[in-house]
Chemist: 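Quick one: structure below, then a few questions.
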Amino acid sequence: MKKIMLTFLMVFTFGVAFLVAGCCGDDPNKEFVSMAIKDGTMPTVNVGSTPNFSNVVVVISYDDESTEEIEGSDESLSFSTIDTSTEGERILVITYTENLGTEDEESHEIQVNVMVVPVGVLNVYGVAAPEVISDFNANKTLFKDSTSAYYVGDANEFIFKPQVLALFDSGDINQLSTFTTETTIEILEGDSFSAVSNVAYYVEVDNENQTLDFTENAINNTFRITMNVADSYPFATGVVNPSFSFVVEVVDGWNVYDVADLSAMDNRSNSPWAEIQSENGISTDVDSIILHTDLTITKDSVPSSFFYTEEEMDAFGATNQSVYDILNANDIDGSFKDYSSILQHNVGKNETFSMIGNYYSIDASDMPYVTYISNTWQPGGGESHAQLFMIEGTASGLLEEEDYKNNSVAIIKNFNLFGNANKSTAAEGANEILTTVKAGGLIMMKTGNINTTLDNMNITSFYISFFPQGNNSNYHLYRNNCYTLINNVVATDSYNCNIYAWGAGQIDIINSELTNSGGPAIIADHIYKAGPETVEDGLPTYINVENSTLESLVNGTESWFVQHGATGYVQMIQTIDQLFRAQSLNTKTLIAESQGEYSYLNIQVLFKHSSAEGPTSIPIRGSLTIDGVEVINFESTDPHYSEYASASSSTGAPLFMVDGDPLASYALGNIDLQNIQNSSLIQFNSSNTGTETVPSTSGIFAEDASEIGLLFPITKNEGFMGIALGYYNVEA
């Protein structure tokens, strides 16, 4: 009973308090007359700031001559937005909502003139170079060639904003967001710069926003830009108003500051980027794209059409229920679509397209994997055919050899690129799970039907670093078809290989480092067309390496080898090496190094037929030359080569090539891999017509070479797969 009484008293007391407040307040029948801003409560609004009106006091007047003060933070007040990008008078609309949230709710407005004024700067403490200068100078130390020019496009504005540190009247020291500069433009004529008399002919300079918009007249010219902060602000004692000079080379291209800008590259007629390009006024009618900042490409920064959605999977299931039932649709939802190119550029005949990094980076390491590969759900069990970039030349009207030599051209230079599929191995720890999901990673770039130069690039952790393709439309088999130059390139830590040459014609690799792949450093395919297949058909790959490092140290437990069932090839080569060493037949070994229970081979290049892992009855063509040493040559003209290859093929024994010379080639015949002590070594040379057992392998390895070619017969009619290996001195 006492508890009930207490509850009643509490409710009654609260009710009395409420009634007192209502009875003793202002007259509820009074009417709103006007509103005004209390003097001294409107804050100063600075240029470039976000106004804060929470401390503004609005005075409401009623018809009974009473007033009421309401602070700006009260929910009954709202304020319109005003433009603070420049100084000047603005109209601020203040809305007061009377009886907010009731049936009698009524709104009243007042317009107030607000002055947006320059930030109160007491002193400028220093002026530093624009970030493009400092970043450019810092980044270039990461590259093989640090002497490149800085490139600027003419299709949109180039931002060249100094960093100005100032003391504000608030007592804070920060960078100025707005200021005025003075700019001088000079043009390079011969070996020296001279002042430009008609600046507008070459460039439109905006000294208020520190941008330069070069005209078409500036293309292929070099300019020196000199800029300093104008005397609009006082400088602290002892601080000199410095000027900065920076030399740029102007090209026909789009200046890239974000991922949307990067879409200027994509000129597909049905581009997934079309909406983004339209919304941002981005032109694709350019000959190049030029980076001016580091970029990160994520799922959220590219069009959603690149990724599978739940709705797409449901639609697929409606018509392919039996297949859909075995798919893990949850894993596919949100995954990257196979055979997709995030960005693609189609280059016409005799046209050139360039991608210029200015030593900046593009990071795609957080992109989702492909899990639905070649119409089969294979999370980590398939081969990704998706790439970050695709550049496609034309195959139309290429009828003569000269047409191929002068065909479409792509130049990609001065980039730092990061992918989402690094090398994966089970040999690094007994409990490590083999990571094959990375087989759904991105290829950095695929090119087709085009002459390509990769110059001064760092490429890290892609499924494949670079994938050049030959002409897939015609049968014209010229060696110069789709010529590729790889110069000053460092490619490393790829899940598959650093270069996959798909009938790519001639590839020159100069001053480069291709290392640490999950498979061979390079895979080179001889591709064939429809119809009868003979060795004269199709597109081979010819590789020339100069002053470069090809090194892929593998032991067969890497994810790529396990995934492709290729571990046996590594074990076979390791066993052959055991034969050499067990019989003390020479002072060289195929084992690059040993770590615990694992022995590593340096598999530099794998030559094979384009039917991928399967054997073929058709001989392949192509060659590998390293620093003038012909390591592998499937097209040897030596009259004994065919005889040696046939004999090797008939016994199933591998054939060594040294300096590409079949007279110094050897085959291991009748090898019992389980009992290498009883194996015999078969030597072929010009002095015999058959074979003979020899007690020594002196001459197998040329002393001046560091690579050998090992040809594995895969049919009984001289079909071979070639592997280029590094070999080393046997440790004492």
Side-chain angles (χ1 to χ4, degrees), residues 369-370 373-374 378-385 419-441 443 461-465 467 491-502 514-525 550-578 589-616 654 673 707-712 714 720-727:
Y369 294 113
V370 173
I373 297 174
S374 300
Q378 298 172 318
E383 294 273 6
S384 173
H385 308 86
N420 62 346
N422 64 321
K423 179 179 180 179
S424 177
T425 175
E428 297 169 358
N431 298 321
E432 183 175 339
I433 298 174
L434 196 64
T435 307
T436 56
V437 68
K438 297 174 186 175
I443 300 167
S461 299
F462 283 88
Y463 173 64
I464 295 172
S465 299
F467 197 126
T492 188
D493 201 24
S494 57
Y495 176 91
N496 184 333
C497 62
N498 286 311
I499 299 175
Y500 199 121
W502 179 262
L514 309 181
T515 63
N516 198 35
S517 297
I522 301 174
I523 298 177
D525 275 7
L550 297 186
E551 185 178 80
S552 182
L553 300 183
V554 296
N555 58 54
T557 67
E558 291 78 14
S559 301
W560 182 86
F561 281 94
V562 174
Q563 179 185 0
H564 291 274
T567 298
Y569 281 109
V570 177
Q571 294 172 342
M572 182 186 300
I573 298 171
Q574 290 171 335
T575 303
I576 293 172
D577 185 74
Q578 292 174 27
T589 175
L590 302 179
I591 304 300
E593 62 180 52
S594 296
Q595 296 180 9
E597 61 182 296
Y598 297 104
S599 295
Y600 290 83
L601 305 174
N602 179 11
I603 301 184
Q604 298 170 314
V605 184
L606 167 64
F607 284 90
K608 65 183 184 66
H609 185 277
S610 58
S611 59
E613 300 114 45
T616 172
L673 297 180
E707 297 83 15
I708 63 169
L710 181 59
L711 277 59
F712 286 101
I714 50 180
F720 280 86
M721 177 179 70
I723 298 179
L725 296 162
Y727 70 97

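Keep in mind that this is a model prediction, so the values were computed, not measured.
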Chemist: Determine whether Y495 and K423 make a side-chain contact, defined as any pair of heavy atoms from C-beta on separated by less than 4.5 Å.
Modeler: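 Answer no - side chains too far apart.
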
Chemist: Is it the case that the side chain of S465 and the backbone of I499 share a donor-acceptor pair, with hydrogens and angles ignored and the cut-off at 3.5 Å?
Modeler: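 Absent.
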
Chemist: Applying side-chain contact (heavy atoms from CB on, under 4.5 Å), run through Y600 and Q595 and close with a yes or a no.
Modeler: CA-CA 8 Å; Y600 290 83; Q595 296 180 9; 3.9 Å; yes

Chemist: Keeping T567 on the side-chain end and G556 on the backbone end, is there a donor-acceptor pair under 3.5 Å?
Modeler: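 Indeed, once roles are kept as given, a pair shorter than 3.5 Å links the two residues.
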
Chemist: How long is the gap from CG on L601 to OG on S552, to the nearest 0.5 Å?
Modeler: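 Nearest 0.5 Å value for the CG-OG distance: 10.0 Å.
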
Chemist: Let's go through N496 and S494 carefully: what are the C-alpha distance in whole Å and the side-chain angles of both, what is the deciding distance for side chain to side chain donor-acceptor pair (under 3.5 Å) to 0.1 Å, and is it a yes or a no?
Modeler: CA-CA 6 Å; N496 184 333; S494 57; over 6 Å; no

Chemist: Holding to ring-ring contact (aromatic ring centres under 6.0 Å, His included), I want the full list of residues that pass it with F467, two or more places apart in sequence or in another chain.
Modeler: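 If we apply the ring-ring contact (aromatic ring centres under 6.0 Å, His included) test to F467, skipping adjacent residues, the hits are Y500.
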
Chemist: Please tell me if the side chains of K438 and Y369 come closer than 4.5 Å, counting only heavy atoms from C-beta onward.
Modeler: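 SC-SC contact between K438 and Y369 confirmed.
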
Chemist: If every non-hydrogen atom of P520 is compared with every non-hydrogen atom of L606, which pair is closest and at what distance?
Modeler: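 P520 and L606 have their closest heavy atoms at CG-CB, 3.9 Å.
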
Chemist: Restricting to non-hydrogen atoms, name the atom on L553 and the atom on A592 that form the minimum distance, rounded to 0.1 Å.
Modeler: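 For L553 and A592, the tightest heavy-atom pair comes out as CD2-CB, 3.5 Å.
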
Chemist: For the residue pair Q574 and I591, establish whether any side-chain heavy-atom pair is separated by less than 4.5 Å.
Modeler: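 They are in side-chain contact.
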
Chemist: Looking at OG of S517 and CG of N422, how far apart are the two atoms once the value is rounded to the nearest 0.5 Å?
Modeler: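 Between S517 OG and N422 CG, I get 11.5 Å after rounding to 0.5 Å.
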
Chemist: Out of curiosity, F561 CZ to N555 CG, how far, rounded to the nearest 0.5 Å?
Modeler: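 It comes to 8.5 Å.
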
Chemist: Out of V570, V605, I573, which residue meets the side chain to side chain contact (heavy atoms under 4.5 Å, CB included) rule with I723?
Modeler: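 Of all the options given, the one that passes is I573.
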
Chemist: In sequence, state the C-alpha distance, the side-chain angles, and the governing distance for D525 and W502, and then conclude on side chain to side chain donor-acceptor pair (under 3.5 Å).
Modeler: CA-CA 5 Å; D525 275 7; W502 179 262; over 6 Å; no

Chemist: Is there a donor-acceptor pair closer than 3.5 Å between any side-chain N or O of T515 and the backbone N or O of E551?
Modeler: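 Side chain of T515 to backbone of E551, a donor-acceptor pair under 3.5 Å: no, none is there.
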
Chemist: Taking C-beta and beyond as the side chain, do L514 and I522 meet within less than 4.5 Å on heavy atoms?
Modeler: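 Yes; the side chains approach each other to less than 4.5 Å.
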
Chemist: Could you tell me if the side chain of S599 sits less than 4.5 Å from the side chain of S594, heavy atoms only?
Modeler: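 Yes, close enough: below the 4.5 Å cut-off.
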
Chemist: Below 4.5 Å, heavy atoms only, C-beta onward: do L725 and Q604 meet side chain to side chain?
Modeler: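 Of all side-chain heavy-atom pairs linking Q604 with L725, none is under 4.5 Å.
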
